[in-house]
Amino acid sequence: TLFAVSSPAASDEIDKLCNTAHNQLIKAFRGVLKGNISIKPVRVSGETACDYCPYHSICHFDTEFSGNKYSNIKKVSKEEFFQYVNKLDG
């Protein structure tokens, strides 16, 4: 997980998270429709999205290729996470 939960999220936080996720998905889909199919896998605590991806044989992501690098995501507190979520829909 990205952060350890010491207390569950409040109903309004869950609603905000769902709305933000929905908006980010729409943004990503629009990008794909415009031809943006760049490879941008993430890494959290040494684990990568590629470790579980069934499409590795198609995308051929390799950090040895110029421009290919992981987006490192650090673990954050619940409060930091929701601050970030609030910035996204600002």
Side-chain angles (χ1 to χ4, degrees):
T1 61
L2 292 179
F3 56 89
V5 177
S6 58
S7 63
S11 178
D12 61 327
E13 291 175 321
I14 299 291
D15 289 342
K16 177 70 174 171
L17 179 59
C18 289
N19 288 332
T20 301
H22 180 259
N23 292 338
Q24 292 298 307
L25 283 171
I26 289 172
K27 184 178 174 182
F29 288 141
R30 286 183 179 150
V32 170
L33 290 174
K34 290 179 181 178
N36 181 5
I37 56 169
S38 57
I39 305 167
K40 297 182 179 179
V42 299
R43 178 173 34 212
V44 179
S45 298
E47 288 188 272
T48 71
C50 298
D51 294 340
Y52 305 98
C53 181
Y55 302 106
H56 184 73
S57 63
I58 296 170
C59 82
H60 297 288
F61 177 83
D62 188 336
T63 56
E64 295 297 316
F65 294 141
S66 176
N68 282 358
K69 61 181 181 178
Y70 289 105
S71 296
N72 292 303
I73 298 178
K74 67 175 187 163
K75 289 190 177 192
V76 297
S77 69
K78 184 177 90 170
E79 291 76 20
E80 290 173 306
F81 176 77
F82 280 104
Q83 284 176 356
Y84 178 74
V85 168
N86 288 328
K87 283 183 193 176
L88 286 175
D89 278 344

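Computed from a prediction, not measured in an experiment: that's the story for all the values here.
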Considering only heavy atoms from C-beta outward, does the side chain of S71 approach that of R43 to under 4.5 Å? no

Y70: partners by ring pair (Phe, Tyr, Trp, His ring centres under 6.0 Å), with sequence neighbours left out: F61

Only distances under 3.5 Å count here; give the side-chain donor-acceptor pairs of residues 29-40 to other protein atoms, sequence neighbours excluded, each with its distance to 0.1 Å.
from: N36; atom 1: OD1; to: S38; atom 2: N; distance (Å): 3.3
from: N36; atom 1: OD1; to: S38; atom 2: OG; distance (Å): 3.1

Look up atom CD1 in I58 and atom SG in C53, then write down how far apart they are to the nearest 0.5 Å. 8.0 Å

Could you list the residues that satisfy side-chain hydrogen bond (donor to acceptor under 3.5 Å, both in side chains) with E80, not counting sequence neighbours? S77

With the side chain counted from C-beta on, respond yes when Q24 and I26 share a heavy-atom pair under 4.5 Å apart, and no when they do not. no

Tell me, please, which residues at least two apart from N68 pass side-chain hydrogen bond (donor to acceptor under 3.5 Å, both in side chains). none

Tell me, please, which residues at least two apart from D51 pass side-chain hydrogen bond (donor to acceptor under 3.5 Å, both in side chains). T48

As an exercise, state the distance from CG of L17 to CG of D12, rounded to the nearest 0.5 Å. 11.5 Å

Passing candidate, side-chain contact (heavy atoms from CB on, under 4.5 Å) with F82, options K87, K16, E13: E13

Selection residues 53-67 - residue pairs positive for side chain to side chain donor-acceptor pair (under 3.5 Å), sequence neighbours left out: none

